[in-house]
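Sequential numbering from 1 along the given sequence is applied to the chain's residues. All ligand and atom numbering here is 1-based and tracks the order in the structure. Note that the coordinates shown come from a computational prediction; the quantities given were computed from them, not determined experimentally.
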Amino acid sequence: MIGQRLRGAIARAAAMQGPRPVVLSGPSGAGKSTLLKKLLKDYENVFGFSVSHTTRQPRPGEVNGRDYHFVTREEMQKEIDAGEFIEHAEFSGNMYGTSKGAVQAVQAQNQICVLDIDIQGVKNIKKTDLNPIYISVQPPSIDILEKRLRDRKTETEESLMKRLTAAHIDLELSKEPGLFDLVIINDDLEKAYSELKETLQEEIKKAQESRKS
Ligand SMILES: Nc1nc2c(ncn2[C@@H]2O[C@H](COP(=O)(O)OP(=O)(O)O)[C@@H](O)[C@H]2O)c(=O)[nH]1
Ligand SMILES: Nc1ncnc2c1ncn2[C@@H]1O[C@H](COP(=O)(O)OP(=O)(O)O)[C@@H](O)[C@H]1O
């Protein structure tokens, strides 16, 4: 009896809490940005992107402050030393990191904060109290991943090789039980997107309801 009441109270408390942030991780080229862009377009006011800092060069079409905060290693290290980052990591020869300000900017808009971070970031975010939903987006195979990365035409041969090496490590580490709440195999894009939306349905509902009130 008491058990049932307690369960009911916990369920109500959980429902009253705001929507949880969302972490999208997975190998470079798996399709995280593609899925994220669709989500941000379809649910413009519901989700907000956590704009990371990076020391890598901007790609054609990328906008500073929208896709990333493009900074030098010195600038980024200074901010890290000042305690302004929630997490940071070295990936494929560059630094990447989530600043406290990036997450706060989204939460200040009452939006669900979506983070696109690598697996080191996932492990470090687990040590914080952010409590997001962890989703790994994975390619159907390494060969398909390589083809997608080549076709994207953003990488040099060297950075492509670094990304493929990192992809092997990512796919191995992702097998750790409980690390991710969901693994999406991005074979057919529309199917992968449906799976993502379905998983986030409850949070979307919560966010839409809290915006109404
Ligand atoms: N830990 C961490 N990883 C990040 C962050 N921002 C981006 N990344 C990851 O860095 C990797 C490389 O990103 P990017 O250079 O944009 O290449 P892309 O993912 O192939 O488009 C990806 O795995 C991202 O998820 C961050 O703030 N923290
Ligand atoms: N399901 C899919 N089928 C075919 N190509 C895809 C699919 N999903 C993404 N792509 C393409 O693969 C490339 C890598 O996707 P992207 O979203 O940039 O990956 P990530 O952000 O994980 O590095 C892009 O050129 C994108 O258009």
With a 4.5 Å heavy-atom cut-off, do [X] and [Y] have their side chains touching?
X	Y	answer
P58	D67	no
E203	I133	yes
V122	Y134	yes
E79	H88	no
L200	F47	yes
L115	L130	yes
I119	F180	yes
K197	Y43	yes

Quick one: does [X] get within less than 4.0 Å of ligand 1, heavy atoms only?
X	value
R56	yes
R163	yes
H88	no
R59	yes
R152	yes

Among all protein heavy atoms, pick the one closest to [atom] and tell me residue, atom and distance.
atom	answer
atom 3 (N) of ligand 1	D118 N, 3.1 Å
atom 27 (O) of ligand 1	S52 OG, 2.6 Å
atom 19 (O) of ligand 2	G31 N, 3.0 Å
atom 9 (C) of ligand 2	T34 OG1, 3.7 Å
atom 4 (C) of ligand 2	R148 NE, 3.5 Å

With a 4.0 Å heavy-atom cut-off (strictly under), which part of E87 contacts ligand 1: side chain, backbone, both or neither?
->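 Contact part for E87 vs ligand 1: side chain (C-beta onward).
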Which bit of H53 is near ligand 1, meaning a heavy atom under 4.0 Å away: side chain, backbone, both or neither?
-> neither
Between the side chain of N186 and the main-chain N/O of V137, is any donor-acceptor distance below 3.5 Å?
-> no
Not counting sequence neighbours, which residues clear side-chain hydrogen bond (donor to acceptor under 3.5 Å, both in side chains) with Q201? List them please.
->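 side-chain hydrogen bond (donor to acceptor under 3.5 Å, both in side chains) list for Q201, sorted by chain: empty.
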Subset of ligand 2 atoms that lie under 4.0 Å from at least one heavy atom of [X]:
X	value
L189	1 (N), 8 (N)
K32	17 (O), 19 (O), 20 (P), 21 (O), 22 (O), 23 (O)
S28	23 (O)

Counting heavy atoms only, name the option from [options] that's nearest to [atom].
atom	options	result
atom 5 (C) of ligand 1	T34, T98, D116, V23	D116
atom 15 (O) of ligand 1	Y96, Y68, F85	Y96
atom 21 (O) of ligand 2	P139, S33, A167	S33
atom 20 (P) of ligand 2	A192, G29, P27, P140	G29

Does D187 reach ligand 2, in the sense of a heavy atom lying below 4.0 Å from it?
->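 Yes; D187 lies near enough to ligand 2 that a heavy-atom distance drops under 4.0 Å.
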At a 4.0 Å cut-off, with the gap strictly under it, does some heavy atom of N186 reach an atom of ligand 2?
-> yes
Ligand 2 to D116 polar contact by distance, N or O atoms, under 3.5 Å =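 Not met; the criterion fails.
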What about R152: any of its N or O atoms under 3.5 Å from an N or O on ligand 2?
->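 Min N/O separation from ligand 2 is below 3.5 Å for R152.
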Quick one: which ligand 1 atoms are inside 4.0 Å of a heavy atom on [X]?
X	result
A89	1 (N)
F91	11 (C), 12 (C)
G97	26 (C), 27 (O), 28 (N)
S28	18 (P), 20 (O)
G121	1 (N)

Which part of V137 is near ligand 2, with near meaning a heavy atom under 4.0 Å away: side chain, backbone, both or neither?
->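 Within the 4.0 Å criterion, V137 makes no contact with ligand 2.
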Salt bridge or not between [X] and [Y]? Use side-chain N to carboxylate O under 4.0 Å.
X	Y	result
E209	K205	no
E202	R20	no
K38	E190	yes

Shortest non-hydrogen contact from I117 toward S25 | O-OG, 2.7 Å
Where at least one partner belongs to residues 129-147, residue pairs that pass salt bridge (charged side-chain N to carboxylate O under 4.0 Å, His left out), sequence neighbours excluded | E146-R150, K147-D151
Considering the options T34, D188, D42, which one meets the side-chain hydrogen bond (donor to acceptor under 3.5 Å, both in side chains) requirement together with Y193?
->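 Per the side-chain hydrogen bond (donor to acceptor under 3.5 Å, both in side chains) rule, the option paired with Y193 is D42, out of T34, D188, D42.
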Any chain of hydrophobic side-chain contacts (each under 4.5 Å) joining V22 to F49?
->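 Looking at the clustering, F49 is in the same group as V22.
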Within the structure, does E155 bring an N/O atom to less than 3.5 angstrom of an N/O atom in ligand 1?
->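 By distance alone, the answer is no.
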